[in-house]
Every structure is written in C-alpha cells, then in structure tokens.
Protein chains: 2
Amino acid sequence: MARAAGVSQATVSLVLGEKWHGRVSEPTAEAVRAAAEQLGYRPNLAARSLRLGRTRTALLVVPALTSEFFARVYAGAARVAADNGFGVVLYPSPEGVGPAQDPFTSARAALDGVIASSMAADALAALQDGGLPLVMLDSDPADSAAAATVNPEVADGMRQIAGHLLSLGHRRLVHVAAAVDSWTFRERARSLAEAVRGVPGAVVHTEPTALEVEAARAAAERALSRPGPRPTALVCDDDLLAAGACKAARRLGLRVPEDVSVTGFDDLTLATALEPELTTVRLSAEQVGAGGMHALLTALEGRPPTSATIPVTLFPRASTAAPPPA
Amino acid sequence: MARAAGVSQATVSLVLGEKWHGRVSEPTAEAVRAAAEQLGYRPNLAARSLRLGRTRTALLVVPALTSEFFARVYAGAARVAADNGFGVVLYPSPEGVGPAQDPFTSARAALDGVIASSMAADALAALQDGGLPLVMLDSDPADSAAAATVNPEVADGMRQIAGHLLSLGHRRLVHVAAAVDSWTFRERARSLAEAVRGVPGAVVHTEPTALEVEAARAAAERALSRPGPRPTALVCDDDLLAAGACKAARRLGLRVPEDVSVTGFDDLTLATALEPELTTVRLSAEQVGAGGMHALLTALEGRPPTSATIPVTLFPRASTAAPPPA
DNA sequence: GTGAAAGCGCTAACAA
DNA sequence: TTGTTAGCGCTTTCAC
C-alpha cells in the first residue's frame, strides 16, 4: 500500500481517482503520486469492483472470432471500451469443442452489460434472464428485448449490389445465400428480391449454402449447371462465398467477369486478395463494434441509448461486368 | 444472498465450491443447491478475487486480432482457459487508433499471468516489470525472461517448403519476406537460406515487404522484374503475401504455377480461397494458443512449465509445379 | 456438521 | 485539508 509509503490513508484513493481537487492540497497530492510511481503501485481492481458494484466489463457475444469480420467487431468495441476504462470479454465461440458454456456461469456477476450479435442465436436464450443491459448487433430492430440495436445497413448494401448488376444489364441472378437463420441474412434476401422485382424480366434464384468456401463452390456450381438459360451474376452473402463462387465458375470453364459476374459482401481482406478483385459492399465491422459499445455505455449511464445505423459502401471492382451478349 | 433464502451462512461457500464432502451433510448441501438454483444465485467474482488474491484471468498480447492467425491463437487459448475456469483478456491491438496503452494501467492487478506473441514487440517493455508469469509465443526460446515458450516449428516448415521446391527442380528462389523484426521471421529466413545452401546452384534473393497484399504484390513484381534470369519460385512468409505474389505474377503475364511457383505460410482460409490453391505450411494457431495457456496454467500451479513445440505440416497444392524448361 | 467472525483493498460518508 | 470508519461478498479458520 501507498499508505505506509506515502503520508496518508484513503487520501490516496482521492488523488489516484482524480477526485482530490479542492479537497487535498497540491503538495500532498504530488507526494502521493510520487510514492505510487515509486512503488509501482496499482489499485486492486477486484476490490474496486466489489466496492463499486460495477466491473467496467462488457461481454461481447459473437459466433466465431476466427472470422475476420467479428475480429474487427471486437477491435472496434475494445477500442471504445478502452477509451472509457472498460474491458471487453468474449463469449467463447460455440464453434469450439467442449461443452457449450453458459456465458454467465463464469461471468455473469462480473459483467456490467452485454453486446450480442444476432448470429450467435443459441446464446441468446441464456441471455434472457440476464437482467443486464443488452445491445444487439446486426439484428432485427423490432423484436428484441434489447436496449438498442446497432445495424449496418445491409438492406441498402444489397440494394446497391442489385442496382449495380441490373444497370450493367444482368437479368438472371443467383443469390448464393448463407444458410444461417438470422435476421441479417433474411434482410439481405428480402432486399435483393425487392430490388429485382422492380425490373421487368429480372429474376433471382436462391441457392443456399453453408458459410464456407467449399460449400459455396458446390452451391454455385449447382446454380450454374441448372437446366435453362445460365445465370449471369452470382450475388453472394459474404466475400468467402464469393471466393467459392469464383472457383465454381472457373471449374465450369467460365470466366469472371466476362461470362459471369460475382459479388461479395463485407469487404474482407480476401476481397482484394482474390483475382479478379471482388466487387463487394464494405460493412465497417469496427464501426459496428464501436457503435455497440457506445450504445452500451450510454445505457449504463442511465441515458436512453440510441439505436444506430452504420452506412455501407459499394466497391465496384473487377469481378463484375456487363453480361455476355448471347 | 442464498444465506437468507437457504438455511445457513457460509456453508454456501463450501457447497458451491465443492469443498463440502465430509463437512456438510448431504441434505443441507442439496438444500443449498436448490436455493441457489431457485434464486438464480451466482457468486460475486470480484469478492472472490479480492479474497483469494487471484483473478483467474490471463492477458493475451497479440499484434492484431483482425488477423485470422491471431484470432485462432485466441480461440485456442480461450478454450483451454474456459476448461480451467479461467478467462482471457486481450491487450488492445497497438494497431488501433488512440494512445498506445500500458497493458497494466488498467489491468495489472487483475491478472494472474501473461501470454505474449513476439510480434507484439513494443508491448514487451511494459511487461518487464510485470512480475507476472510470462509465456511467450513463437519467440526466441533463448533470450526471453519467459517461464516458457510455445513455438510452432517454423524452421521445419520452411525446410519442408524449400525441400518441396528444390526437389521440383527450382534453383532460383525469392524469399518474399515480412519486414517485421521478430524472431519467427528471422528463423524462417535462416532456415530457408540453410536449406538452399545445401544445394549446388541454388540461390535465394530476399525481397522484404510489409505484411499486406498490396505491398507484397509490389515486392514480388520487383523481384520478378530484376535483370538476369527470372526466379522460378516465390517463397512467402505468409499466405497473405502469397496472394500478393500471385497477383504480381499475373500482372506480368506469368502463370502460376506453370511459369512461377508460389508458396504461402500459415494455411489460412485464404490459402484455399485463392486460385490456384496455395501450397503452404499449416501452423495450427489454435494449438499455439492452447499450448500457451497450458504452459501458463502449469506455471501458475507452481510447477515448472514445459516449453512446447507445435509440429507443422506441408500442404502441397496447386500453386507449385516444376519450373519452366527454358 | 454448522455458525460466527475476520479480513482481502477499495471508496464514500463523515469527523476532526 | 486530512484521517477514521464502515462495508461491498466472499473464503477460511476456529469455536461450538
């Protein structure tokens, strides 16, 4: 303790907590700081948490951190948290081996709030009885018991993709759709269908697939091999799926984008690592994470949190072009 | 408190802490468990940590979580931690904006130990005075003050890559090297140079680059355009760099692998999303993370932690072939 | 087999 | 302007 070293008792608390102005003399304050510095003293967080009843820790529930997208969501949330003296702990990915753990078994009492992605559907049940402020990410703004929702504008993103493709002249589209039952993917499908519906002669066929390159390749190959006129554009729910779609095209001897156009979603590193570079929609995952943390902090301060919406941007690159003449 | 609800006082502690055998009667224990269940009672972690002086929390220091590799390291560490009632908190990526934070300013007193990657070099200084058990990942086994080191066998991986390429007949290699000053990359360079040295007529030129696709593309393009006989194989320190190398080759009108072979390192998702699929070495990042956590837990139990070594595997795929005849 | 009591390090209210 | 004190919820002796 700096108490023995310095001069006083809990004056230390005031000084180190920056609450001493007008209550502790400047010399004393300086002495305390010097002693703390010299002893390498750090306040004990457990004691502080116990006393305060708050832990300055938020739980982030994401389906799989190994995905670049959610790693970025974490990065954004952690940055905002750190700026506010908060920490972020992750709910162990359900992907992992071992028993699916109740996020609260080990953590509930040590949390101030929860930020959850809609994709981690199975974890939501456990959150119901939490009684903690909850901010949902990329989720249905309507139905949740959340204090706030922070969503990238996925519908707008899909609308932009569709607009881009339709104005290039594409009329036979395939939606290479993530077979994941979550609001964000339903929204994308809805938005795409709506955009296509407005254009005479345009159709969209849906080909569901698991969220993996190999599964997407198989799905896209299926879609491109169906009887009837070949689709000219593959609209994928994720850059990863788009990578699979490109592989499918090449395996069938088709060129991207000359014979078939392919679009992604997210703008991961992958999008520009591929050849041709993917036309895709950038969702700023960091902003989603940061927005979620902001909303949670607001809720924690007792103010009504503002549901936010993160704009998205279409990046037209080399994987899309006008459809072949035929 | 379950105290009021149940029947007794701190008997609760014994029962819930599984320390009651032979000290509390079976009926009482059952009653406590029932009450706890019914009230949804969870022990307060802050209080427990305060009392015990331990937090069951480890810090994982990684350069950038947005990279798939380190996300996997985290996943592995978190899995092992969870199995042992531990949590893992991440050191905010130095990449992020905002002031570079001392990991201990907010966390030191709340940590039991530290796991650090060598790539987070700048953070190491701050760790020196930690006084906490430290496990290093992918770092020089010799020089560190670490209790243990957990390393994937990168030298062996590079040896396998070199062997693969040399036996295909390649003699003019380029090492597209990550311009990051860390042990793991020095080790790769050393191992590659050594393997090539054993083969008469074989040479390796080093082309340093930042760890990004676009920078790697530029570096590879430079290497392939140098005067003199063109290199026939590009050995990259990372799959991401290999993606850049492939783009460089195509931009110069060269085919992969017919005109030039390309190899990666890590076997990220990217490796099989690209075309051709990358010949690469799989480093099990999860195992590195898990091994690191195991070593830390061992150290925390007072037993001497065992430095571990994680074997790597060469995956020969479509990005390598015999060099062109000329 | 169970309860009473102390104390982990901190903060906030109050006394001096 | 500073020190004293109580108590956050838990674990752990130690009496009973």
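Throughout, protein chains are lettered first and strands after them, A, B, ... in sequence-line order, and every chain is numbered starting at 1.
Qualifying salt bridge (charged side-chain N to carboxylate O under 4.0 Å, His left out) partners for B/Arg48, counting only residues two or more places apart in sequence or in other chains: none.
For the pair A/Arg23 CZ and C/dA16 C1', the interatomic distance rounds to 15 Å; values are reported in whole Å. Between the P atom of C/dG7 and the CZ atom of A/Arg51 lies a distance of 19 Å, rounded to the nearest Å. What separates CG of B/Leu14 from P of D/dT12 is a distance of 8 Å, to the nearest Å. A/Arg54 has its CZ atom 14 Å from the P atom of D/dG9, to the nearest Å. Counting to the nearest Å, the C1' atom of C/dG7 and the CG atom of A/Asn44 are 13 Å from each other. Rounded to an integer number of Å, the gap from CG of A/Leu50 to P of C/dT11 is 11 Å. When the P atom of D/dT12 is taken as reference, atom CG of B/Leu16 falls 13 Å away, rounded to whole Å. One can place OH of A/Tyr41 at 9 Å from P of C/dG9, the figure rounded to the nearest angstrom.
Taking the nucleotide of DNA chain C with the nearest heavy atom to each of B/Glu26 and B/Leu52, the more 5' of the two is matched to B/Glu26. Of the two residues near DNA chain C, B/Ala47 and B/Val24, the one whose nearest nucleotide lies more 5' is B/Val24.
Checked by atom type and distance alone, the side chain of B/Asp140 pairs as donor or acceptor with a backbone atom of B/Ala142 at under 3.5 Å. Side-chain N or O atoms of A/Arg56 include one that pairs as donor or acceptor with a backbone N or O of A/Asn84 at under 3.5 Å.
The phosphate of D/dC10 (OP1 or OP2) has no side-chain N or O of B/Ser49 nearer than 4.0 angstrom.
Results of the side chain to side chain contact (heavy atoms under 4.5 Å, CB included) test with A/Ser307 over A/Asn151, A/Thr149, A/Val135 single out A/Thr149 as the only residue that passes.
Across all strands shown, B/Arg48 has heavy atoms under 4.0 Å from sugar-phosphate atoms exclusively, and none from any base. Contact annotation for B/Gly17: no contact, since no heavy-atom pair falls under 4.0 Å across all strands.
When distances run from any side-chain atom of A/Thr28 to the nucleotides D/dG7, D/dT1, C/dG1, the shortest one goes to D/dT1. Taking every side-chain heavy atom of B/Ser25 into account, C/dT2 is the closest of D/dT12, C/dA12, C/dT2. Here C/dC10 is the nucleotide among C/dC10, D/dT12, D/dT1 with the atom lying nearest to any side-chain atom of A/Pro43. When distances are taken from the side chain of B/Thr11 to each of D/dT2, C/dG3, D/dG9, the shortest belongs to C/dG3.
If you check the side chains of B/Asp138 and B/Ser117, you find no donor sitting under 3.5 Å from an acceptor.
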